[in-house]
Amino acid sequence: MSAPPGETLVVREAGGRVAHPALPALAGAALARLGPGLRAALAILGFILLWTLVTASGLVNRELFPSPGMVWSAAVELWDEGALGSDLTASLGRAATGFVLGSVSGILVGLLTARTRVFSVALTPLLTLLRPIPAIALVPLAIVWFGVGEGSKYFVIGYTVFLAVWLNTHHGAAGIAGTYIRASRSLGASTRREFFEVVLPAAAPHIVAGLRMGAALAFLSLVAAELSGASSGIGYRIQEARQFFRTDRLFVGLIELGLLGALLDVAFVAVSRRVIHWEH
Amino acid sequence: MSAPPGETLVVREAGGRVAHPALPALAGAALARLGPGLRAALAILGFILLWTLVTASGLVNRELFPSPGMVWSAAVELWDEGALGSDLTASLGRAATGFVLGSVSGILVGLLTARTRVFSVALTPLLTLLRPIPAIALVPLAIVWFGVGEGSKYFVIGYTVFLAVWLNTHHGAAGIAGTYIRASRSLGASTRREFFEVVLPAAAPHIVAGLRMGAALAFLSLVAAELSGASSGIGYRIQEARQFFRTDRLFVGLIELGLLGALLDVAFVAVSRRVIHWEH
Amino acid sequence: QKVVTVGWGSYSMDAPQVLVASEKGYFKEAGIAPKLIPFQSGREGFEALIGGQLDVTVMAEFPAVVGTLRKQPFAVLAVLSRFVANRLITTPASGATDLAGLSGKKIGLPVGTNVQFMVDEDLKRAGVKAQIVNLTPPDLPPALLRGDVDAIATFPGAFGGARRILGERYRELPVSAYATTFVVAASRDFLAKDPATTAKLVEALVRADEVMKSDPAGAQDIVAKAAGKALTLEGIRADWDKYRYGVVLDGGLIDLMVREGTWIRERGIVRDTEPSAALFRSAVADAPLKSVAPATVTLP
Amino acid sequence: MAISPAPCPSPCPVPAPVTTGRVRVDGVAIRYRGTGGHWVEALAPTDLVLEPGSFTALVGPSGCGKSTLLNAVAGFVPVQAGRIDVDGKSVAGPDPEVGVVFQQYALFPWLTAAQNIGFALKRFGLSAAERRSQALAGLAEVGLEGRGNMYPGQLSGGMKQRVALARTLASRPKVLLMDEPFGALDAQTRASMHELLLGVWEAHRTTVLFVTHDVDEALVLSDRVHVMSAGPGRIVETLDVASPRPRRVDDVDATYLANRNRIMRRLRHAH
Amino acid sequence: MAISPAPCPSPCPVPAPVTTGRVRVDGVAIRYRGTGGHWVEALAPTDLVLEPGSFTALVGPSGCGKSTLLNAVAGFVPVQAGRIDVDGKSVAGPDPEVGVVFQQYALFPWLTAAQNIGFALKRFGLSAAERRSQALAGLAEVGLEGRGNMYPGQLSGGMKQRVALARTLASRPKVLLMDEPFGALDAQTRASMHELLLGVWEAHRTTVLFVTHDVDEALVLSDRVHVMSAGPGRIVETLDVASPRPRRVDDVDATYLANRNRIMRRLRHAH
Ligand SMILES: Nc1ncnc2c1ncn2[C@@H]1O[C@H](COP(=O)(O)OP(=O)(O)OP(=O)(O)O)[C@@H](O)[C@H]1O
Ligand SMILES: Nc1ncnc2c1ncn2[C@@H]1O[C@H](COP(=O)(O)OP(=O)(O)OP(=O)(O)O)[C@@H](O)[C@H]1O
Ligand SMILES: [Mg+2]
Ligand SMILES: [Mg+2]
């Protein structure tokens, strides 16, 4: 889908058509030589510097827009309280459980709707109507139906995960190249073998893409799920920080979400590259 | 990506390998003959029937799980109050404004990060860290930063839209086939013409896909945006229903979201098929 | 007409002065056009006040305590009412008839609010240990109904809804004399820029307060009209006595703020400031109320 | 990429006569439902016989119905009229007795080369070890010793098509259908695949139906060439190729040239 | 799909001698940075001269550096050593004087056929109406009258490549570089494209460098064939094709056959 990363640059250098090959181009060429990790670190350092300058300038209310130093102190405070660790455990546990529930059901329903017309006709319109309903709108129902314990949180997280995984699985399993099916049949495979040995692996890249999206969504719906009925977790801690006007602690929560989510995604991509090794 | 819809069925019929070509297969064949609209209507009718049966069975508390009839009455009630119409206007207005703000900025930043290395290096890591932070976690900050009026709502909606549109625009504009660029340059196009006449249209299918996702997200974040400082809108009405334990009115809100979101998506696809006519 | 933005919630019963002054035209007479902006909670209104989005807001005292400890630029102008009928709500299924009966049981409430302060104080006084479950107000009655928790504690405005949902299973447990104290507060900016308007605003509230005392039935009609479907006239009449209305500034407010401040500090989340009486006194701007009704200001 | 040696030691042993793999296409016509709901006539009523062990090519311009005819023999596409028999048994669906090699290889990318061949062997109820050793033997036959653990994505186009050929042969078909199997390969790789295919064919002596639009390919490989034309698809000319085997692409003669010019001219007027 | 008539009325008028479009490749070597960071030698130092108005083909197996050499002449790829001149001017980047036709057409799918050609005409500062009429004339030249408002997605592969050819010619190049332009077409369409290309070439008399791995194509089209070999890419044989024009694919002679066998054999040993 994308051109080899180096090539565009070569064309540009060879073309010599850039009207002002000034600072951006030169900086770009210099940056190209750094590794991707180093580049990201540099960008984040630059951002923190900017952030420090803005808060130090006195233009903003630091209680509402804390400086990096204040956020760091708040993180240390949360760590000393032991809240950082326990929040992580609680949130990751919830996200993981909701993710497993949502993705298992999403894969099953997706395979059903993709490969059996009756299920497709019966379920696709309903699922299409469910998609625009956000998890947060379902929190009240979740509490009523599943109680204030972990059940409702699993439901809210699992719901968003389910929709993403179902959609991807459905498209993957419905769009399998006809030649795979033809090859399988003309090699004498039974319907059962066709399903397990051809349909499933052929849809696997899409399923894994759905799982990746689902993992991101499990994270995104965590805050909504922990709004009510939780007494630990990142979402809870964000709520608590809000109640006590601790914007610095709120920022810690947001940064936790950002870092964890990004790390999770990187880990997910690394693992899925191994599972779906033939796609790369 | 997907095989022509008719073909799989043909293969199946010809194959004659289905062990029990019983009810599902026959029903499937019959359903295949109906139009897609009719099939969806049938499915939804069936679902409403099922729902009626469940609520009539007395197995569920109807205060917490209202019957279709109760939901219909609640909808009529809301209509008579004039709330249905005003909610729609308010919510659609907010979603539209947030969508426009988010998508314009998303397209601009996406084109910048895709075509200029310095911006890519500086912004991509930050945007990656922002992605796992849900809109709802930003609501407290939005109120403080952007006010209680519509500003904070536009921010919350625009934020989610921005991330989706940026990501798609970035991938679209970064992954343009090298031959288009080469063709453009060897036909004597200037950098300016290359950008407006080649890069932009070549990235357009991805941008439009991002806009479609953004439109869905504008809808999904509406409820979060209307949690605070709103006195109308579907999200507000859902909150209100929750405060007063009117599960029937809550269902009306959820169904509104589902229907509107689905309709919007259908409309979006229809329009974008015309805009990106060459992709079909 | 000077436009004043006012943070507002479902406070029809908690702060009827605002509705009465509006209806009677006292604001208009004072040259003020109040613009009510609704919030789900006093907390959000307070956030908007701090963010410079509101001129004044109505809320319970608790956010003011936190805001003072966090040195936010605002001031309390006056107390509007005190809700003196706080209760824990339970059902027969819990088997509890008093606080002691909740020992080892689960109590649902919104954590980080005055409700938690109230329950904590009472449990401590009674020497009872119970498990607190954090729930947003709308989720409290269904959680109790489902038996997820054994009792709930909620905000004054939510008792009616809880009674409706729980039906005949609705039971109340008496609690201590904690009174939710509803105040009106202004941003420091607004106070500094327009002291005259502030005083006129307070004056209009004082006039409304007097009407409520002299003609409660008329005031109740006004509230019923303004509240629309959310409250019935009968409900308003039945609950009227659960409030002690009066635009005042008294020592009781400071005492309560110190108690809450100490409690918050013990929880360890806000610990940068000593919750002294002097600190909270400094968060109260008594000049406007003093200028229109000096007798109602009895601060130490 | 080494090209495998000449298909048999000279003098060639006379192969035993083949008796199975007779394909009879009898008045077969095929229509598709087009996008507008109306029918597209893809193949006019067509008769065709493939003798056991023969190698037949089908050439013709794009869209003339070559794949349609082949897919009907493979059991992928139902016929609207007429019937297709393989050894007297009517074709009702895909059958491992009728093997197919596809242009796009259709190797399963999630299986290694050996596992792909193993997939075809499963129907014989062998043990895993037997399957593995037979799969490796199949790979060796197409010149891919030691590549058993490579995934299709790691193989070049020519190698992929060799694996696909080995996989199809592993299910021991009596008839081998090939739909532009070398269409995606460059001219040099294609030439070496021709030699390989002929070698394998001499060894297995299945009946082959080979679809291509490359006249040279048809002439190098087959005993008989059917030229098709579109609108609706039908056979417009049949030509027997008598040149002795083994044939060499880089050493063709005047008969070859005459046949080539004749088919070329036929194709120019066929579309 | 009608094939355009013979390239010129007989007797052919003797064309005026062409003087521009001389390409000189002088000791050009090209390396790429591979995935591991180390360098891949794609083209060993190579000399090559394309005479004004000549038609030169480059044949060779996949990966032997044909595209690399062509892309260097086009200014797409920087050279590591040596220099490339077009009419004495060193190539520093893409230039409309050196037109390129790509295998994957590279037509802009969001523009109609006429607009695609108009894209190339913009640099001449014409009015929109003039652009349109010149674009339509260009389309007519490649046999696509009346197709101006069709989008590339609505055209067949052969038609797309005609539009691409017309677009490149519209920028009035002195040199025309074609990288396997007909590789994706079926054999019949390809043959008709050959006639079309030769007709256009006779009319414009640009210098043509034509990359292919199809020996027949090279022999039918060109004055001179360079055979390349890989590891690193280099020219291993050069062959002048003297057969008189116009040549016909469906009526080739013995000289043709000798040349063909010679190149085929060279290629067998080249990779
Ligand atoms: N599944 C299908 N649905 C509708 N029409 C089809 C289908 N498959 C093929 N056709 C049509 O039937 C005709 C014959 O197609 P077929 O694929 O058999 O041609 P072909 O000779 O194999 O062409 P090519 O050389 O391009 O592979 C064409 O007009 C094609 O458009
Ligand atoms: N952008 C690139 N980066 C690294 N290596 C490259 C690049 N482009 C080509 N190569 C390598 O250079 C060599 C020559 O490639 P080139 O594309 O010129 O071959 P070719 O003769 O055109 O092949 P084909 O017939 O397949 O088009 C090959 O080994 C190829 O892998
Ligand atoms: Mg075909
Ligand atoms: Mg190439």
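Just so it is clear: chains get the letters A, B, ... in the order the sequence lines come, proteins before strands, and each one is counted from 1.
- Residue B:Ala204: no heavy atom, backbone or side chain, is found under 4.5 Å from chain E.
- Note on ring orientation: taking the six-membered ring where Trp is involved, the planes of B:Tyr180 and E:Phe108 are tilted (angle from 30° to 60°).
- No more than 12 heavy atoms of other residues, nucleotides or ligands lie within 6.0 Å of CZ in E:Arg24, so this atom counts as exposed by the packing criterion.
- Taking both residues in full, the closest heavy atoms of E:Arg123 and B:Leu187 are given as CD-O, 3.8 Å, listed atom of the first, atom of the second, then distance.
- Environment of CZ in E:Arg131: crowded, with over 12 heavy atoms of neighbouring residues, nucleotides or ligands closer than 6.0 Å.
- In terms of heavy-atom proximity, B:Gly188 sits nearest to E:Pro96 at CA-CG, 3.8 Å.
- For the options E:Gly153, E:Pro109, E:Ser171, heavy-atom pairs under 4.5 Å to chain B are most numerous at E:Pro109.
- In this structure, E:Tyr151 places its OH atom where more than 12 heavy-atom neighbours from other residues, nucleotides or ligands lie under 6.0 Å away.
- Enclosure of atom CZ in E:Arg31 by more than 12 non-hydrogen atoms of other residues, nucleotides or ligands within 6.0 angstrom is indicated.
- When heavy atoms are compared at a cutoff of 4.5 Å, E:Leu107 approaches chain B solely by way of its backbone atoms N, CA, C and O.
- Scanning all heavy atoms of the two residues, the minimum distance from B:Ala183 to E:Arg167 falls at CB-NH2, 3.8 Å.
- Both the backbone and the side chain of E:Phe119 come within contact range of chain B, judged by heavy atoms closer than 4.5 Å.
- E:Ala120 touches chain B through backbone and side chain together, each having a heavy atom under 4.5 Å away.
- Shown here is B:Met213, whose CE atom has no more than 12 heavy atoms of other residues, nucleotides or ligands within 6.0 Å.
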